[in-house]
Every structure is written in structure tokens, then in C-alpha cells.
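Read through the structure below, which is laid out as C-alpha cells, and then see the notes.
Letters A, B, ... mirror the listed sequences (proteins, then strands); counts begin at 1. Hydrogens, waters and symmetry mates play no part in the numbers below; they use all other heavy atoms, side chains included.
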Amino acid sequence: MSDGARVGSAEPDSAELTADVDATRQLDLYRRMQFIRRFEERVYLLYLQGEIPGTLHQSQGQEAVAVGVCDVLRRTDWITSTHRPHGHALAKGVDLRSAMAELFGKATGCCGGKGGSMHLGDPSVGMLPAIAIVGGGNTVVTGLGLAFKLMRTDQVAVCFFGEGASNEGAFHEGLNFAAVQHLPIVFACENNLYGASTPFHQVSLVPDVASRAPAYGVRGEIVDGMDVLAVREAAGRAVAEARAGAGPVLLEFKTYRFAGHSRGDVKGYRSREEEAEWTARDPIVRLREHLASAVEEVVLDAMDAQVEAAMDDAIEFARQSPLPRAEDALTDAYATVISRETSS
Amino acid sequence: MTVAAAPAVGERRLTIAEALREAIAEEMRHDEKVFLIGEDIGVPGGFGGAFGVYLGLTEAFGHDRIIDTPISEKALAGAAVGAALMGMRPIADLQYADFLFECMDELVNQAAKMRYMSNGKLSVPMVLRCPVGTANRGAQHGQCPESYFVHVPGLKVVCVSDAYHAKGLLKSAVRDNDPVLFFEHKLLYGSKGREQAGGMDLTAHVPEEEYFFPIGKAVVKREGTSVTVVATHMSFYRSLAAAEELANDGIECEVIDPLTLLPFDDETIFASVRKTGRLVIAHEDTLTGGWGAELAARVAEECLFSLEAPIRRVTSHDVPLPVAPVMEQTVVPSTARIKAAIQRCCEG
């Protein structure tokens with residue numbers, strides 16, 4: 001795989017706790033958000049053209065959360081993700097070509113075609129196959145944290161989940177267990193206001209997921225999820241706390257998905273005014289404007305062009321990649337197979 | 001791994017609870033990645049688990065490796081899955097198999113599928129101990145739900161009924177790289193089930209030396225030529241009791257304990273059925289969709305022309321479990337019902 005196609009953070013340890021992010025690093029954050037945005041936009045078209053099977057849950061608008069959080073993680077830290085995992089995967093460092101090929105259902109995909117869009121992941125960069133059951137990661141992540149604690153490593157696990165998952169029993173069991181065991185976990189809630197079409201205020205009398213954290217003795221914090229620098233700063237503090245053994249933290253990122261829930265969603269349940277209000281806070285546009293004073297426009301344009309070229313390369317790679325062998329569908333259910341003749 | 005020969009009659013006889021405790025202690029000594037997680041398993045002055053299997057282990061290994069969880073089966077199972085994904089080897093405990101339904105997502109969607117979804121890059125080496133079986137505890141503390149999990153590719157399902165195989169299989173399960181559900185019958189931990197088992201000695205010889213018994217291997221525990229009887233847990237002992245009674249009538253039962261239900265040791269059963277021409281299946285799980293139905297289908301597919309009579313199943317009736325002993329004993333497969341089914345099968 002081409003190194004240039006890897007967008008994940010390198011080894012941000014030195015910068016982990018630095019709230020003051022210099023222009024070079026900001027430029028990198030911009031590039032990585034743009035990477036996700038362009039990935040989502042390109043795969044949407046490829047889906048419509050029939051090149052990508054299945055369905056897509058896309059994350060345009062939520063890029064700042066994925067990039068800001070993963071920027072303060074080490075390669076050896078782990079994340080769990082959701083049915084909307086493209087941004088998390090690219091931000092954590094899943095190879096772009098292998099992510100694209102996975103969506104195409106090709107043998108070169110990061111899950112060999114067995115995972116697809118909803119289960120993107122790659123253990124080599126610290127990402128479990130994304131868990132597409134709402135709240136599914138909220139209990140599994142406690143095991144990651146428990147393993148780090150028992151093995152006395154200083155790794156941290158981040159559990160991405162949506163506000164909808166906070167009404168699952170798994171959210172409460174996972175948070176409470178992580179709390180009583182002082183596990184090195186950051187619960188990263190992406191509150192994009194809607195669980196599919198259902199607005200959060202209709203299913204929760206408390207508007208903030210973060211307000212549920214103190215009920216478990218956990219620190220909760222509300223963060224502007226449309227500001228990558230704010231995300232990065234809050235995540236940096238939370239990850240440092242977790243790494244230091246202070247137990248879990250719950251961060252709630254207020255964000256918005258510009259796209260529908262899944263590819264066929266015409267978004268009839270929300271107003272165009274609300275959409276316009278959030279689109280005006282586009283995290284990529286915001287950072288670009290912020291960078292304008294320090295970086296020349298031409299540099300940003302060149303970076304955009306690089307991102308586009310990487311997408312072209314990844315798409316071509318996916319197209320040219322071989323299909324999985326049909327018989328590979330029958331492997332990998334077990335690590336140790338006791339072979340038996342299957343009847344007829 | 002070495003497989004011990006069939007247990008000889010020896011002096012050291014253990015109950016299943018003692019054998020499981022030995023297996024756990026040996027595996028914890030062998031590999032620091034093995035740890036225990038469950039409810040009420042390590043609390044000082046506590047119960048040592050719902051059935052005392054863990055008694056003394058906290059003192060031996062420290063509370064760090066014996067993790068008492070909140071009453072949160074989803075978190076408990078999720079923690080086991082996640083830790084296993086990171087290379088640990090958790091032995092999780094559910095107190096009662098009935099509580100499996102509280103953590104179906106963690107088991108069926110996560111534990112069973114992570115390896116596959118990752119294209120073989122990850123594995124989930126965990127064991128989940130699940131006590132099953134009726135013991136006058138009613139509808140929510142006595143079920144035998146193993147068949148639900150026989151239906152899940154990615155899981156392994158073990159049912160033990162004697163101390164020798166319990167120890168050897170638990171040690172194999174801990175070292176296995178796939179998630180193993182380990183079903184144990186509550187009446188068989190000690191000697192409580194003795195009366196229901198027809199007064200049979202429920203302890204077994206367990207050698208001092210380390211041994212393993214492989215997952216996926218059935219055991220012929222009583223040889224015979226008239227009819228094959230495949231049975232687990234208490235039904236296994238009741239089948240043995242029925243076999244002893246029927247021997248007086250000239251019916252020689254071959255009684256097989258499958259031990260592993262997933263993957264099932266078809267060949268041992270097929271070989272026996274080809275010899276006897278008759279098959280009776282007995283389990284305490286309910287009838288419809290029970291693992292006996294799967295076994296009957298496989299035998300029908302592979303051995304139909306060896307069969308001299310229809311296959312018979314003796315199972316719990318398709319109702320929830322009642323508490324009143326007279327009703328409970330009506331629901332579960334009794335020695336008399338198993339005996340009658342064998343007789344009917346041999347008449348055909």
C-alpha cells in the first residue's frame with residue numbers, strides 16, 4: 001500500500017498535550033478532514049454508479065470529531081467505531097486504498113471483502129472492525145481497557161458512538177463498568193442530533209449526553225464538534241487523563257451529518273434552515289478560514305489537489321483489484337477448525 | 001497437547017466443581033493472560049461464584065486477576081470479548097445460563113463475528129462458563145439454552161457431565177483461540193444429582209498429571225450393539241441408568257456423551273449408528289429446534305439406510321420450567337421416559 005495514502009496520525013505523542021497547535025499541524029488537520037470529506041463524496045457517487053455494493057452511512061460534517069480525536073492517539077491505542085465508520089477509519093490510519101477496496105468488495109480490502117462499509121477496520125493501526133450494532137462498542141471497549149490495565153500498558157481505547165446509543169443499555173453498563181474499574185477509556189459521543197430520523201429531544205429529556213456521565217462518577221464534557229481545534233484540545237486532555245490512570249471520560253461532540261442517515265435518506269425530518277445553520281459551521285471551511293492568515297491560498301489548493309489525486313489513485317486501485325475468491329467466504333469463522341465433511 | 005487415554009479407575013476421584021477449579025488454577029499458573037471475570041466470584045468472604053467453583057482462587061492468585069463485575073451481563077461479556085481481542089484469555093462466568101439472553105449481542109454479534117469480519121486478523125480466545133439445568137429454580141434459573149448457540153457460526157459449544165472431561169475440556173477451551181461456551185449442569189457439580197442419576201457415583205477419576213481433552217470429540221461411555229443413545233448432562237446419567245435396566249431385557253445400549261455440540265463429532269455418532277441401526281437422543285433442552293433435531297437431520301442425511309427404526313428424541317417438553325418438583329420432573333426427560341423411548345426404538 002502507498003504510504004502517502006495513509007492519513008492517520010503518525011506518532012503525535014510529543015504534541016499530545018499541546019493545546020497550542022502550530023500552523024503546520026493545523027494544515028495537517030485540514031488535509032485529513034478534507035481526506036474524509038472527499039472520500040465520502042467520491043464513494044457516494046461510486047455507489048450511485050453501481051460500483052459499490054450495499055449501503056453507505058456517511059460522515060460529511062463530522063470530520064472534525066474523527067480527526068481531532070485520533071490526532072491525539074498513538075498508533076498503539078485502539079478505537080471502536082460504528083455503522084458510520086469511514087471517517088474514524090481514515091483518521092486512525094487505515095490505508096486509503098484498502099478502505100476503498102473494502103467498500104468495493106475486493107480482496108485487497110482491509111477486511112478482505114468480508115466487512116464492507118459498516119465493518120471497516122484494521123487491527124494493525126488499532127481499529128477493530130467497526131461495530132454496526134448501536135451501542136455494541138460501548139461494552140466491548142471495556143475489554144480493551146481492561147486488557148491494557150491488566151497488562152500494565154499505557155494504551156488508551158476510544159469508543160465512538162452516537163447520541164442514539166446513549167439510550168441503549170450497553171451505554172450504561174459499559175460506562176459504569178469502565179468507571180468502577182478505572183479503565184483507560186474515552187467515550188466519544190458524536191451527537192449529530194438524529195438517530196436515523198428521530199430527533200434526540202424526542203427520545204431523551206436531557207439534551208446533553210455528557211450530563212449522563214456524572215451519574216456514574218465520570219467526568220463529562222460538551223465540546224464543539226465542528227471545531228477541530230476544540231475537539232483536539234478536549235480529546236488531548238481526556239486521553240491524557242485516561243492514560244494516567246484517572247479512569248474514563250465521556251466527551252460529547254455536538255455535530256451534524258450533512259448527508260442523510262444512509263444513502264437513500266431524503267432528510268424530510270429536518271428543516272432546510274437547520275441544515276443551513278450547521279452547514280455554515282462546516283469544520284473544514286472553518287479551519288480553512290482560520291488558516292488563511294498563516295497559509296497562502298495556493299498551498300491549501302495544492303493540498304486539496306493532492307487529496308483528490310489520492311482518491312483517484314485509491315479508486316483506480318480498488319477497480320483494478322481482484323474480487324475475493326468465492327470460497328474465501330467459508331474461511332475465518334474459526335481460528336481452529338475441526339474439519340468435518342459437510343453433508344451435500 | 002497430549003490427550004490422555006480413557007480414564008482408568010484411580011484413587012483420586014473429584015467432583016466436577018473440584019475438577020473445574022483445578023483446571024482454572026492450572027491455566028492461571030500456566031499463562032498470566034488468563035483471568036476470571038464474573039459476578040460474585042472473588043469477593044473476600046463471598047460465595048466463590050454461584051456454585052463455589054472459585055473458592056480459594058482469590059487467595060491463591062489475588063483479586064486483580066479475579067474481577068468482580070457489577071450485575072451487568074452485557075458489560076461482563078463485552079469486557080471478556082474486548083480483552084480476548086487484545087490477546088487476553090478471559091474465563092467469564094454467568095452464574096446461570098439463563099442470563100445469556102442479557103448479553104446476546106456481545107456473544108452473537110461480537111464474539112462470534114469479529115474474527116470473520118476482520119478477515120481472520122483477530123481472534124476471540126474467551127471461555128464463558130454457563131451453569132444450566134433444572135434444580136427447582138423455575139422458568140428463569142433452570143433452562144438449558146445450549147441449542148441457541150449451536151446455531152451461531154463462530155462459537156464453540158461444550159457440555160460436560162463428568163469431572164475428567166470437564167477438566168480436560170476446560171483446559172482445552174482456555175487455550176482455544178475461539179470463543180467457547182461451556183455448559184455445566186447444576187446438579188452435577190457435586191453429588192446433588194446423585195439420586196436423580198439413579199444413585200450413580202457422580203465423581204470421576206482425575207489424574208494428578210496434566211492432560212487435555214480435545215474440543216470436538218465425542219466419547220462412547222458404554223458400548224453396546226442394540227441401539228445408540230446420545231445424551232448430555234443429567235440426561236446422560238439417566239440414559240446410563242436406563243441402559244443398565246434394559247440390559248436385563250437383552251437390549252445393549254451404546255451410550256455416547258457428545259461433550260462438544262459445536263463443532264459436533266458426527267463421525268463418532270455415524271459409526272455407532274451404522275453398527276446399531278437405531279438412535280435415541282436425550283437432552284434437557286426443549287424439543288423444537290433443539291440440538292437433537294440437528295443431529296437427527298445429520299444422521300438421516302448420512303445414515304438413513306443403516307437405520308432400522310425411526311430416530312427418537314427424549315427432551316424437555318416445550319413449556320417453560322415449573323418449580324413444583326412433581327411438575328418439573330414431568331417436564332424434564334426422566335429415566336423412565338428415556339427407557340421407554342429406547343424400547344420403542346428397538347421394537348421398530
Most contacts with chain B, counted as non-hydrogen pairs under 4.5 angstrom, among A:Leu183, A:Asn138, A:Leu128, A:Val180 = A:Leu128
Quick one: what part of B:Ile37 sits under 4.5 Å from any heavy atom of chain A, side chain, backbone, both or neither?
-> side chain
Bottom line for B:Lys113: the part with an atom under 4.5 Å from chain A's heavy atoms is neither
Looking at B:Pro125, B:Ala112, B:Gly120, which one has more heavy-atom pairs under 4.5 Å with chain A than the rest?
-> B:Gly120
Return the option, out of A:Leu175, A:Leu120, A:Leu146, with the maximum number of heavy-atom pairs under 4.5 Å with chain B.
-> A:Leu146
In terms of heavy-atom proximity below 4.5 Å to chain A, should B:Asp64 be classed as side chain, backbone, both, or neither?
-> both
Examine the side chains of A:Lys114 and A:Thr331 and answer whether a donor and an acceptor come within less than 3.5 Å of each other.
-> yes
Pair count under 4.5 Å, heavy atoms only, with chain A: among B:Leu76, B:Ile71, B:Asn109, B:Thr260, highest is B:Asn109
Looking at A:Gly174, A:Cys110, A:Pro129, A:Ala147, which has the largest count of heavy-atom pairs under 4.5 Å with chain B?
-> A:Pro129
So A:Phe161 and A:Phe171, would you call those rings parallel, tilted or perpendicular, with 30° and 60° as cut-offs?
-> tilted
Pair count under 4.5 Å, heavy atoms only, with chain A: among B:Pro70, B:Ser123, B:Ala77, highest is B:Pro70
May I ask you to say whether B:Arg175 pairs ionically with B:Glu27, meaning some side-chain N is under 4.0 Å from a carboxylate O?
-> yes
Among B:Leu100, B:Ile91, B:Val180, find the residue that satisfies the side-chain contact (heavy atoms from CB on, under 4.5 Å) test when tested with B:Leu128.
-> B:Leu100
Note: vs chain B, highest number of non-hydrogen pairs under 4.5 angstrom among A:Thr80, A:Val141, A:Leu150 is A:Leu150
With a 4.0 Å cut-off, would you call B:Lys217 and B:Asp265 a salt bridge?
-> no
Please report the C-alpha distance between B:Lys167 and B:Glu26 in whole Å, then the side-chain angles of each, then the deciding distance to 0.1 Å, and finally whether the salt bridge (Lys or Arg N to Asp or Glu O under 4.0 Å) criterion is met.
-> CA-CA 10 Å; B:Lys167 182 177 177 186; B:Glu26 283 181 18; 2.6 Å; yes
Contacting region of A:Ala329 [heavy-atom separation from chain B under 4.5 Å] | both
Are A:Glu241 and A:Arg219 close enough for a salt bridge, meaning some N to O gap below 4.0 Å?
-> yes
Using distance alone, with no hydrogens and no angle criterion, decide if A:His86 and A:Ser117 have a side-chain donor and acceptor under 3.5 Å apart.
-> yes
A:Gln181, part contacting chain B, at a heavy-atom distance under 4.5 Å = side chain
Among A:Phe148, A:Trp78, A:Phe177, A:Tyr334, the residue with the most heavy-atom pairs under 4.5 Å to chain B is A:Tyr334
Any donor-acceptor pair under 3.5 Å linking the side chain of A:Arg325 with the backbone of A:Ala107?
-> no
Residue B:Glu32 versus chain A: region with a heavy atom under 4.5 Å | neither
Heaviest contributor of heavy-atom pairs below 4.5 Å to chain B, chosen from A:Gly115, A:Pro123, A:Gly116, is A:Pro123
Considering only heavy atoms and a distance below 4.5 Å, find which of B:Arg115, B:Met88, B:Lys121 pairs most often with chain A.
-> B:Arg115
Does A:Arg243 come within less than 4.0 Å of A:Asp77, counting only side-chain N to carboxylate O?
-> yes
